[in-house]
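Notes to accompany the following structure.
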There are 2 protein chains.
Amino acid sequence: MFTELSPRAIRLREAGHKLTNARLTVLKVLEESDGHITSAEVLEKVAQIDSSIGRASVFRTLDLFTSLSIIRPTYINSSVTPTYVMMPDGHHHHIVCTNCNRVIEFENCGLSAITAELEARLHVKLTGHLLEFYGLCDKCI
Amino acid sequence: MFTELSPRAIRLREAGHKLTNARLTVLKVLEESDGHITSAEVLEKVAQIDSSIGRASVFRTLDLFTSLSIIRPTYINSSVTPTYVMMPDGHHHHIVCTNCNRVIEFENCGLSAITAELEARLHVKLTGHLLEFYGLCDKCI
DNA sequence: TCTGTAAATGATACTGTGTATCAAGTGGAG
DNA sequence: CTCCACTTGATACACAGTATCATTTACAGA
């Protein structure tokens, strides 16, 4: 049913997880999103593709992807419902306007040096990071 | 009832918000926490100090503090219930172990250069940031 | 290709976090 | 001291996310 596997699907299998229809569908929805998507939106789009996939499996899959650093839940505006961001190459960076909640993405975080320093000093193995800046966007300044 | 005002309380008043008993109590609980606290823990500790403070006010206050960048909600382990981190001087950094969910804090993020660069290039005004690393801690490696 | 089995699923009912509402209360400017 | 917009507490509610478990399925090994 899925003719080709995305690199993330292969990564999933190599981590010892089965490539089920539910997981591949959630992955497809995430990859086709703009990179910022709520669980409600994932549920809705998954149901459009295959209504037989249950709620629980979608949430289980989001948790699994989070533990694999494929996505990361974060807060954009309200206290409820996280927004999931894709972590291409294990990292993600954006600016959140604290007035209008607009999200501005950017590249080049320049964190590779500090990553290496932390790994050496704290004896940890870092696989990804999320960097969020807060402030006022150009329209709210 | 509160003999002295913390710098954050003064910041709150200067932003045009009233210094009510509910807000000062939530602030006190947050400042006495280790910097990582869930909404359930805030509710519990607030109730211990003053059981007349309502649930809704606690959540309203957490939202208010978030909009002021005094705290920032983030997800440590599950999809439910964010953990609130204090943002001293407007920033916070930690490492989350994706296996055991332990949180390791560290200083010196070295982000002042990129902050200035982003402000100049994108015409934004940045007031704070949250940097999360994900990976395996020394015990799970 | 077939089979066995542990992993994963879908359905359902449930838990509990966070919210809407609104009458009553209060901080703080003047 | 007074006034009033802001804030509160109580209550009932909505609904996101979870526990449970019988059923199904991916895929390793034969």
Exercise. To the nearest 0.5 Å, what is the distance between CG (B:Leu131) and NE2 (B:His92)?
Worked result: 9.5 Å
Rounding to an integer number of Å, can you tell me how far [X] [atom1] sits from [N] [atom2]?
X       : N      : atom1 : atom2 : result
B:Leu64 : D:dT8  : CG    : P     : 9 Å
A:Phe65 : C:dA8  : CZ    : P     : 12 Å
B:Arg13 : C:dG27 : CZ    : C1'   : 10 Å
A:Leu19 : D:dA28 : CG    : C1'   : 14 Å
A:Arg23 : D:dC27 : CZ    : P     : 10 Å
A:Glu41 : D:dG17 : CD    : P     : 12 Å
A:Leu5  : D:dC27 : CG    : C1'   : 14 Å
B:Leu24 : C:dT26 : CG    : C1'   : 13 Å

For this session: For A:Leu43, answer base if it contacts any base atom (sugar-phosphate contacts may also be present), sugar-phosphate if it contacts only those atoms, and nothing otherwise; contact means non-hydrogen atoms under 4.0 Å.
Result: nothing
For this session: Output the single nucleotide from C:dA8, C:dT19, C:dG28 whose closest atom is nearest the side chain of B:Lys18.
Result: C:dG28
Exercise. Picking from C:dT9, C:dT19, D:dT7, which would you name as closest to the side chain of B:Phe59?
Worked result: C:dT19
Exercise. Side-chain heavy atoms under 4.5 angstrom apart, residues restricted to Ile, Leu, Val, Met, Phe, Trp, Tyr: same cluster for A:Met86 and A:Leu62?
Worked result: yes
For this session: Kindly state whether the ring of A:Tyr75 and the ring of B:Tyr75 have centres lying under 6.0 angstrom apart.
Result: yes
Under 4.0 Å between a side-chain N/O of [X] and OP1 or OP2 of [N], yes or no?
X       : N      : answer
A:Thr20 : C:dA8  : no
A:His17 : C:dA8  : yes
B:Ser39 : C:dT17 : no

When you check the gap from the basic side-chain N to the acidic O, do [X] and [Y] get nearer than 4.0 Å?
X        : Y        : answer
A:Glu117 : A:Arg121 : yes
A:Glu41  : A:Lys45  : no
B:Asp50  : B:Lys28  : no

Seminar exercise, completed: Going 5' to 3' through nucleotides 9-15 of chain D and flagging B where a protein heavy-atom sits under 4.0 Å of the base, S where only the sugar-phosphate is that close, and - otherwise, we get BB-----
Exercise. Can you name the one residue among A:Ile53, A:Val58, A:Val29 that meets side-chain contact (heavy atoms from CB on, under 4.5 Å) with A:Leu43?
Worked result: A:Val58
